[in-house]
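Only one structure is covered here, and it is reproduced in the block below.
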Amino acid sequence: MNWDGLYASAFERIRDNIGKVGNVLLAYNTNIDAIKYLEREDLERRIGAAGREEVLPYSEKLPKRIESVPQLLGSILWSIRRGKAAELFVESCSTRFYMRRWGWDELRMGGQVGIMANLLGGVYGVPVIAHVPQLSRLQAELFKDGPIYVPKVEGGKLKLVHPKEFKADEENCIHYIYEFPRGFRVFDFEAPRENRFIGSADDYNTNVVIRPEFEEHFGEIAEKTELAIISGLQALTEGNYREPFETIKEHLDVLEGKGIPAHLEFAFTPDETVRKEILGVLGKFWSVGLNEVELASIMDVMGEKTLAEKLLAHDPVDPIVVTKAMLKLAEKTGVRRIHFHTYGYYLALTDYRGEFVRDALLFAALAAAAKAKLGDVRNIDDVVKAMDVPVNEKAKGVEEALTKEYGMENGIAEVNGYQLAFIPTKIVAKPKSTVGIGDTISSSAFVGEFALR
Ligand code: 8BR
């Protein structure tokens, strides 16, 4: 297969047609990521000042949430000792103030909506309407220039303005990211691999607080919308999901009623009750995007334990198992498109047919590779700079398995009344950044598909 030829032509056609795509509604999560690169002396001094005996117990067992400075420092140590990521909600305002004074080395756009708004609006020039739970000055500055809009109501009238023009001086939703490299030492501990601990000083995204403009004027916002991408439901828990879920269901009904295709970006959702609720509304979506861990977690709540285990048993992930899981999900929920991505390849199962589905996946993989290679993608022409990244060799076996099992040709097969599209991805050997790659992949493929229709 001449994948590089297909890559090049998919990119060109999407670049030439992406200008046709109208407003994309993005809801609900946007925040500020504040990155702090940990330093040994600084951290040891802080632990000493907070009291070593107070701090150390939390490096053995994480608290449920952070209510004090020793809990914060202990949780950071917990991550360092294991080389594992963890994320906790920071409850106390004095600890939030402590983090704020500790400071950061870098600020980045956070939350799937924020990341996708900057990619679609700021890089591709596709107009987006974004839900930003709180628009502080710091948050506004993280938006790129371009056709990115937030709804603003003035004198009862709805206007669309760039986030920098919103000027409402709202609260900061900051996710403090404490990063450490492999081999990082504090006292006698040494990090077995690089990772991060995240303390979320954010009451809005964690509860999916929906802005009044979106509660009161959603019909009008939807009127201006051509496509929608929904994300951020992963933060909900059994304790807080009911209220936002009511509004979200209303929003989905409005979108469905107007025939606006909506994509759900299904990030890992630790709470099982919430995962079941999401499964219950999946049929209202046109499309869903997920990786192997997320697909396995859905199989789990569908009672498909064997499939869930098999999904996580092989590297690269067994594509026949993935296809079976996607079929189960599509048949159970009625969702029309499932986009699966893993390290090395993507699949899309759709209840409609056409090479444009595969070509949109190729565009997304090129965008992901460009992001990994360059760190920041400034405009759509930067995406093509990833053409020289080689197509993943390991995906050859995946392609062969799909050809043998389903008679796949040119990355397309017919399976149980659905079309299955496959592509091998381009993998950057030494990525500059992998933050937000999943969001880049899903939004590029979804929007790319509609550019080709
Ligand atoms: P998730 O965080 O949603 O799993 O998305 C990450 C995706 O990024 C993976 O599925 C993989 O396809 C892609 N990816 C990663 Br991780 N590293 C990459 C790299 N170095 N080059 C290209 N794609 C990469």
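Order of appearance sets the numbers: ligands from 1, and atoms from 1 within every ligand. All values below come from the heavy atoms of this structure, side chains included, with hydrogens, waters and symmetry mates left out.
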**Complete:** residues 404-421 vs side chain to side chain donor-acceptor pair (under 3.5 Å), sequence neighbours excluded, gives Arg353-Glu414
**Request:** At a heavy-atom distance under 4.0 Å, which protein residues reach ligand 1? Sort them by chain and number, would you?
**Result:**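 Residues Asn291, His341, Thr342, Tyr343, Tyr346, Ala372, Lys426, Ile427, Val428, Pro431, Thr434, Ile437, Gly438, Ile441 each place a heavy atom under 4.0 Å from ligand 1, listed by chain and number.
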**Item:** Side-chain (Asn392) to main-chain (Lys394) donor-acceptor, under 3.5 angstrom
**Value:** yes
**Asked** Run the salt bridge (charged side-chain N to carboxylate O under 4.0 Å, His left out) check on Glu170 and Arg211 step by step: do they pass?
**Response** CA-CA 12 Å; Glu170 297 176 343; Arg211 296 191 65 91; 2.8 Å; yes
**Item:** Ile380 vs Tyr124, side-chain contact (heavy atoms from CB on, under 4.5 Å): CA-CA, chis, key distance, verdict
**Value:** CA-CA 5 Å; Ile380 198 162; Tyr124 299 162; 4.0 Å; yes
**Item:** Reference residue Met116; test side-chain contact (heavy atoms from CB on, under 4.5 Å); the match among Val128, Leu26, Val126
**Value:**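 That would be Leu26.
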**Message:** Is it true that, when you exclude Arg378 itself, more than 12 heavy atoms of the residues, nucleotides or ligands shown sit nearer than 6.0 Å to its CZ?
**Reply:** no
